[in-house]
Amino acid sequence: MDQNGSYTDILEMLKQLREEKKKADFIQPSLLPGIDLYMDQVTTFMDEHLKSTKRYEDDKILTKTMINNYAKNNLLPPPEKKKYSKDHLLLLTFIYYYKSFLSINDIQTLLKPVTEKYFKASGAVSLEDVYTNIIDEIKKQADIIIDDMENKFHMSEEAFAHMPSEDRDLLSLFGFMCSLSYDIYLKKQIVERIIDQMDAQAQTLKKEKEAKEHRDKKEAKEAKKQKNTRSES
């Protein structure tokens, strides 16, 4: 911001962001350790490979307390003999990105079906396969997303082009930030609605399972009672 309150670095920021996104700021599957790790090794690994995502130097990627809480809240399967596997690291990566805009309960709802089916799975599809496909697709979208931000900035400039010169830059920036924020708001809404639908479906299945178990127990009890009656007669 100069002495007149002008903001002139937005396009340069977006250009820099585009260049940064050409580099990997995700944990590449090839970098995942081939052995299980203790807690201290996990936090060190995550700090090293996700440090480019930090806003401030002293920001924490993941702490021991965070990881313990994730396990306590069923976001993360417990370690085996105090060691965390490759699949644990993949789940922690998903959690790290989700926790910036989703609640713990929402993350649990979102990850539960994936964890149940693919965590240490022996089938044709592994959690690493899922993760690899997702980051490959996300990388393809980076330029599209940044192009959209550039368009939003130019639209904000045009929207306030008729304003006095002393107000134009500040209001263009404010309009741009509002446009980005509304974009985030809408996307967060659809994410939350999908999660709510997933949760409702899970609750329905749970009730149906409990009802079936109750019927089965009742039928088994009745069959046993009839069998005893026939024996006595």
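These numbers come from the heavy atoms of this one structure, side chains and all, not from hydrogens, waters or symmetry mates.
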Donor-acceptor pairs are to be reported for all side-chain atoms of residues 146-154 against protein atoms at under 3.5 Å, with residues two or more places apart or in another chain.
| from | atom 1 | to | atom 2 | distance (Å) |
| --- | --- | --- | --- | --- |
| Asp147 | OD1 | Arg18 | NH1 | 3.3 |
| Asp147 | OD1 | Arg18 | NH2 | 2.8 |
| Asp148 | OD1 | Lys152 | NZ | 3.2 |
| Asp148 | OD2 | Lys152 | NZ | 2.5 |
| Glu150 | OE2 | Arg18 | NH2 | 3.3 |
| Asn151 | ND2 | Asp147 | O | 3.4 |
| His154 | ND1 | Glu157 | OE1 | 3.2 |

Taking distance alone, no hydrogens or angles, what donor-acceptor pairs closer than 3.5 Å link side-chain atoms of residues 125-133 to residues at least two apart or in another chain?
| from | atom 1 | to | atom 2 | distance (Å) |
| --- | --- | --- | --- | --- |
| Ser126 | OG | Glu128 | N | 3.4 |
| Ser126 | OG | Asp129 | N | 3.1 |
| Ser126 | OG | Asp129 | OD2 | 3.1 |
| Glu128 | OE1 | Lys86 | NZ | 3.4 |
| Asp129 | OD2 | Ser126 | N | 3.0 |
| Tyr131 | OH | Ile27 | N | 3.3 |
| Tyr131 | OH | Ile27 | O | 2.6 |
| Thr132 | OG1 | Glu128 | O | 2.8 |
| Asn133 | ND2 | Asp129 | O | 2.8 |

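Lys212 and Glu219 are not joined by a salt bridge, as no carboxylate oxygen comes within less than 4.0 angstrom of a charged side-chain nitrogen. Remark: Asp47 does not engage Lys51 in a salt bridge, criterion side-chain N to carboxylate O under 4.0 Å.
Using a 4.5 Å cut-off between side-chain heavy atoms of Ile, Leu, Val, Met, Phe, Trp and Tyr, with links allowed through other members, Met66 and Tyr38 fall into different hydrophobic clusters. Leu171 and Leu180 fall into different hydrophobic clusters, where Ile, Leu, Val, Met, Phe, Trp and Tyr residues are linked whenever their side-chain heavy atoms come under 4.5 Å apart, directly or through other members. Hydrophobic clustering (ILVMFWY, side-chain heavy atoms < 4.5 Å, transitive): Leu14 and Met155 are in distinct clusters. Neither Phe176 nor Tyr182 shares a network with the other; the hydrophobic side chains, linked directly or stepwise wherever heavy atoms of I, L, V, M, F, W or Y lie under 4.5 Å apart, form separate groups for each. Leu31 and Ile138 are assigned to two separate hydrophobic clusters, defined by single-linkage of ILVMFWY side chains at heavy-atom distances under 4.5 Å.
Atom CD in Glu166 sits 10.5 Å away from atom CG in Asp169 (nearest 0.5 Å). Remark: Ile61 CD1 to Leu92 CG distance equals 12.0 Å, nearest 0.5 Å. Atoms CD1 and CE, on Ile95 and Met46 in that order, are 8.5 Å from each other to the nearest 0.5 Å. The CG atom of Asp136 sits 10.0 Å away from the CZ atom of Phe26 when rounded to the nearest 0.5 Å. The CG atom of Leu62 lies 10.0 Å from the CG atom of Leu89; values are rounded to the nearest 0.5 Å. In this structure, CG in Leu50 is found 6.0 Å from OG1 in Thr93, a value given to the nearest 0.5 Å.
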Query - Working for side chain to side chain donor-acceptor pair (under 3.5 Å), residues Thr53 and Tyr96 - result: CA-CA 10 Å; Thr53 66; Tyr96 172 71; 2.6 Å; yes
Requested in this report: Assess whether ring pair (Phe, Tyr, Trp, His ring centres under 6.0 Å) is satisfied between Phe160 and Phe174, documenting all intermediate values.
Outcome: CA-CA 10 Å; Phe160 294 98; Phe174 182 67; 8.2 Å; no
Report task. Using the salt bridge (charged side-chain N to carboxylate O under 4.0 Å, His left out) rule, take Asp36 and Lys81 through it: C-alpha gap first, then chi angles, then the decisive distance, then the call. Result -> CA-CA 10 Å; Asp36 294 348; Lys81 298 180 180 178; over 6 Å; no
Requested in this report: Begin from the C-alpha positions of Gln41 and Tyr84 and carry the test side chain to side chain contact (heavy atoms under 4.5 Å, CB included) through to its verdict.
Outcome: CA-CA 9 Å; Gln41 294 172 308; Tyr84 295 82; over 6 Å; no
Query raised in the report: For Glu137 and Lys140, what are the C-alpha separation, side-chain angles and deciding distance, and is it a side chain to side chain contact (heavy atoms under 4.5 Å, CB included)?
Result: CA-CA 5 Å; Glu137 186 58 34; Lys140 295 175 187 175; 3.9 Å; yes
**Report entry** Residue pair Phe94, Ile134: steps toward the side chain to side chain contact (heavy atoms under 4.5 Å, CB included) verdict
**Finding:** CA-CA 10 Å; Phe94 284 125; Ile134 288 172; 3.9 Å; yes
Report task. Could you go through the side chain to side chain contact (heavy atoms under 4.5 Å, CB included) check for Leu110 and Asp106 one step at a time? Result -> CA-CA 6 Å; Leu110 186 56; Asp106 281 349; over 6 Å; no
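By the 6.0 Å contact criterion, CZ on Phe101 is enclosed, its count of non-hydrogen atoms from other residues, nucleotides or ligands being greater than 12. Other residues, nucleotides and ligands place no more than 12 heavy atoms under 6.0 Å from the NZ atom of Lys112. Within a 6.0 Å radius of CD1 in Ile35, other residues, nucleotides and ligands contribute 12 heavy atoms or fewer. Within a 6.0 Å sphere centred on CD of Glu80, heavy atoms belonging to other residues, nucleotides or ligands number 12 at most. At most 12 non-hydrogen atoms from other residues, nucleotides or ligands lie less than 6.0 angstrom from NZ of Lys15. More than 12 heavy-atom neighbours from other residues, nucleotides or ligands sit within 6.0 angstrom of NZ on Lys54. Surrounding CE of Met177 are at most 12 heavy atoms belonging to other residues, nucleotides or ligands under 6.0 Å away.
Residue Thr63 comes nearest to Thr43 through the heavy atom pair C-CG2, 4.2 Å, listed as atom of the first residue, atom of the second, then distance. Between Ala161 and Arg168, the closest heavy-atom pair is O-NE, 3.3 Å. In terms of heavy-atom proximity, Ser172 sits nearest to Ser156 at O-CB, 3.4 Å. Here the closest non-hydrogen pair linking His162 and Ala159 is CE1-O, 3.1 Å.
Between Pro79 and Val42, the closest side-chain pair of non-hydrogen atoms is not below 4.5 Å. Within the 4.5 Å cutoff, side-chain heavy atoms of Tyr70 are placed close to those of Ile104. When side chains are defined from C-beta on, Gln203 counts as touching Lys206, because their heavy atoms get closer than 4.5 Å.
The backbone N or O of Asp40 lies less than 3.5 Å from a partner atom in the side chain of Thr44, making a donor-acceptor pair. The main-chain N or O of Ser179 is never found under 3.5 Å from a side-chain atom of Asp183 such that the two would form a donor-acceptor pair. When atom types are taken as modelled, the side chain of Thr109 and the backbone of Asn105 share a donor-acceptor pair closer than 3.5 angstrom. Side chain of His88 to main chain of Ser85: a donor-acceptor pair is present (N/O by atom type, distance under 3.5 Å, no hydrogens or angles). Asp59 places a side-chain N or O within donor-acceptor distance of the main-chain N or O of Tyr56, the cut-off being under 3.5 Å. In this structure, the side chain of Asn68 engages the main chain of Lys64 through a donor-acceptor pair within 3.5 Å. When atom types are taken as modelled, the side chain of Asp87 and the backbone of Phe119 share no donor-acceptor pair closer than 3.5 angstrom.
Here the options are Lys188, Lys187, Gln189, the test is side chain to side chain donor-acceptor pair (under 3.5 Å), and the partner is Tyr185; only Gln189 passes.
Between the side chains of Gln16 and Glu12, no donor-acceptor pair of N or O atoms lies under 3.5 Å.
Evaluation of the ring-ring contact (aromatic ring centres under 6.0 Å, His included) rule for Phe45 yields His49 as partners, not counting sequence neighbours.
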